[in-house]
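See structure below.
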Amino acid sequence: MKKKTLWILSMAALCLVLYTIVMSRMESGATIIFGGSENGFMRTDGANFANRNVTPSPEPTEDIWPKLTTKDFEDNTYLQIVNNNNLLSSAYEPEVSKIERTRYMMYSTEYMPYLDAFLDAIEAAGFDYFIAGAYRSYSYQAHVYNSKASQIAYELAGGKQVDFTDPIYQEAAEKAKSITAPAGASEHQLGLCVDILDKNRQRLVYENMNQELFEWLDAHCAEYGFIKRYPTRKLLLTGWDEPWHYRYVGREVATFIMEQGLCYEEFYAHYFPDFEY
């Protein structure tokens, strides 16, 4: 009887240790949100939010900036900036088509030829890759964001459901903005973005992925009109650390941004002096 009791206590202690380890890993993790109608969530405890002491790049001399006007930004969707302060309407729905190399990912029909050329070049260079995110509708983004806010509110309330009018939910909604964009605030809704990962994508640790692939992408993406939209070193300016996220902005603009080491916020602010990061 004593041996049985000792065995039960030992197993209980072991279970407690394992539970503590698992919970600590979960609490230190982050949920990364990708596009598409399936597999929208990927759990990781390896998301890197380092390099927070970021300073803007030096302002390039005036005469080398692309000759754009504010009307160019208004007339061309691919130049539109989208974030928490610059929202897309729920009515904004670009015409999209399936990316042939994927099962269900969608992309702007108008700009698909540029993406196809980019992906052709990646394959010709001998790299394996995986498109983890592309177009997301307003309603899908709303579902993702509301789900995250509800999850955080449940945790803040000690495991109880709270109404969206509750101050706890309002606090949770603000916290959720640091994890996934609210509806209308994701530029994935433009249909101009793709999240490109390599075959080691399961844990979503950028440093563990094929750095030769990303070096190639950064060196050649502008040739096809794309920029690295959320580089880690620009986290404080963009609000996001997603070094696998590439967006179409046109070849001239992309070339300038990548050569000058800018993020799109810095580029946009040159033409709109009142723009706030």
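Owing to the predicted nature of the structure, the values given are computational and were not obtained by experimental measurement. Residue numbers run from 1 in the order of the sequence given.
- Using a 4.5 Å cut-off on side-chain heavy atoms (C-beta onward), Leu192 and Tyr107 make contact.
- Side-chain atoms of Thr77 and Glu110 form no donor-acceptor pair, as typed in the model, at a separation below 3.5 Å.
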Verify ring-ring contact (aromatic ring centres under 6.0 Å, His included) between Tyr230 and Tyr264, making sure each step is shown before the conclusion. CA-CA 9 Å; Tyr230 301 117; Tyr264 195 64; 10.0 Å; no
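- By the ring-ring contact (aromatic ring centres under 6.0 Å, His included) test, Tyr138 is found to be paired with no residue, residues two or more places apart in sequence or in another chain being considered.
- Closest heavy-atom contact between Glu252 and Pro66: OE2-CB, 3.6 Å.
- Taking CD1 of Ile179 as the reference point, atom NZ of Lys148 lies at 5.0 Å (rounded to 0.5 Å).
- Shown here are the salt bridge (Lys or Arg N to Asp or Glu O under 4.0 Å) partners of Asp120, two or more places apart in sequence or in another chain: Arg101.
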Side chain to side chain donor-acceptor pair (under 3.5 Å) between Thr232 and Glu242, intermediate numbers included: CA-CA 7 Å; Thr232 299; Glu242 296 184 11; over 6 Å; no
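- Applying the side chain to side chain donor-acceptor pair (under 3.5 Å) test to Glu265 and every residue at least two apart in sequence or in another chain returns Arg229.
- Using bins of under 30°, 30° to 60° and over 60° for the plane-to-plane angle, the ring pair Tyr169/Phe164 lands in the perpendicular bin.
- Under the side chain to side chain donor-acceptor pair (under 3.5 Å) criterion, Thr165 pairs with Asp163, not counting sequence neighbours.
- Side-chain contact check for Val96 versus Met112: every heavy-atom pair is 4.5 Å or farther apart.
- With hydrogens and angles ignored, the 3.5 Å screen pairs no side-chain donor or acceptor of Asn76 with any backbone N or O of Leu79.
- Looking at heavy atoms from C-beta onward, Gln141 lies out of side-chain contact with Pro182 at the 4.5 angstrom threshold.
- With hydrogens and angles left out, the side-chain atoms of Arg136 and Gln189 include no donor and acceptor closer than 3.5 Å.
- Once rounded to the nearest 0.5 Å, the distance linking OG of Ser178 with CG of Asn84 reads 10.0 Å.
- Side chain of Asp198 to main chain of Met209: no donor-acceptor pair is present (N/O by atom type, distance under 3.5 Å, no hydrogens or angles).
- Distance check, rounded to the nearest 0.5 Å: CD1 of Ile227 to CG of Leu262 gives 9.5 Å.
- Residues meeting the ring-ring contact (aromatic ring centres under 6.0 Å, His included) test with Tyr248, sequence neighbours left out: Tyr78, Tyr111, Tyr114, Phe226.
- Across all their heavy atoms, Cys221 and Met258 have their closest contact at SG-CE, 3.9 Å.
- For the ring-ring contact (aromatic ring centres under 6.0 Å, His included) test, residues two or more places apart in sequence or in another chain that qualify with Phe275 are Tyr268, Tyr277.
- Minimum interatomic distance between Ala173 and Ala149 (heavy atoms only, all atoms of both residues): CA-CB, 4.0 Å.
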Mind running side chain to side chain donor-acceptor pair (under 3.5 Å) on Lys228 and Tyr246 for me, showing each step along the way? CA-CA 5 Å; Lys228 191 186 195 79; Tyr246 292 84; 3.3 Å; yes
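- A donor-acceptor pair under 3.5 Å is absent between the side-chain atoms of Glu174 and the main chain of Glu171, judged by distance alone.
- In this structure Asp166 satisfies the salt bridge (Lys or Arg N to Asp or Glu O under 4.0 Å) test with no other residue, sequence neighbours excluded.
- Considering only residues two or more places apart in sequence or on other chains, Ser139 meets the side chain to side chain donor-acceptor pair (under 3.5 Å) condition with Ser137.
- Checked against the 6.0 Å centroid threshold, Trp244 and Phe214 do not count as a close aromatic pair.
- The side-chain contact (heavy atoms from CB on, under 4.5 Å) test applied to Thr69 returns Lys71, Asp72, not counting sequence neighbours.
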Would you give me the side-chain donor-acceptor pairs under 3.5 Å for residues 153-161, sequence neighbours excluded?
residue: Tyr154; atom: OH; partner: Gly159; partner atom: O; Å: 3.2
residue: Glu155; atom: OE2; partner: Gln151; partner atom: NE2; Å: 3.4

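- Scored by the ring-ring contact (aromatic ring centres under 6.0 Å, His included) test, Tyr145 finds no partners at all (sequence neighbours excluded).
- For the side chain to side chain donor-acceptor pair (under 3.5 Å) test, residues two or more places apart in sequence or in another chain that qualify with Glu223 are His220.
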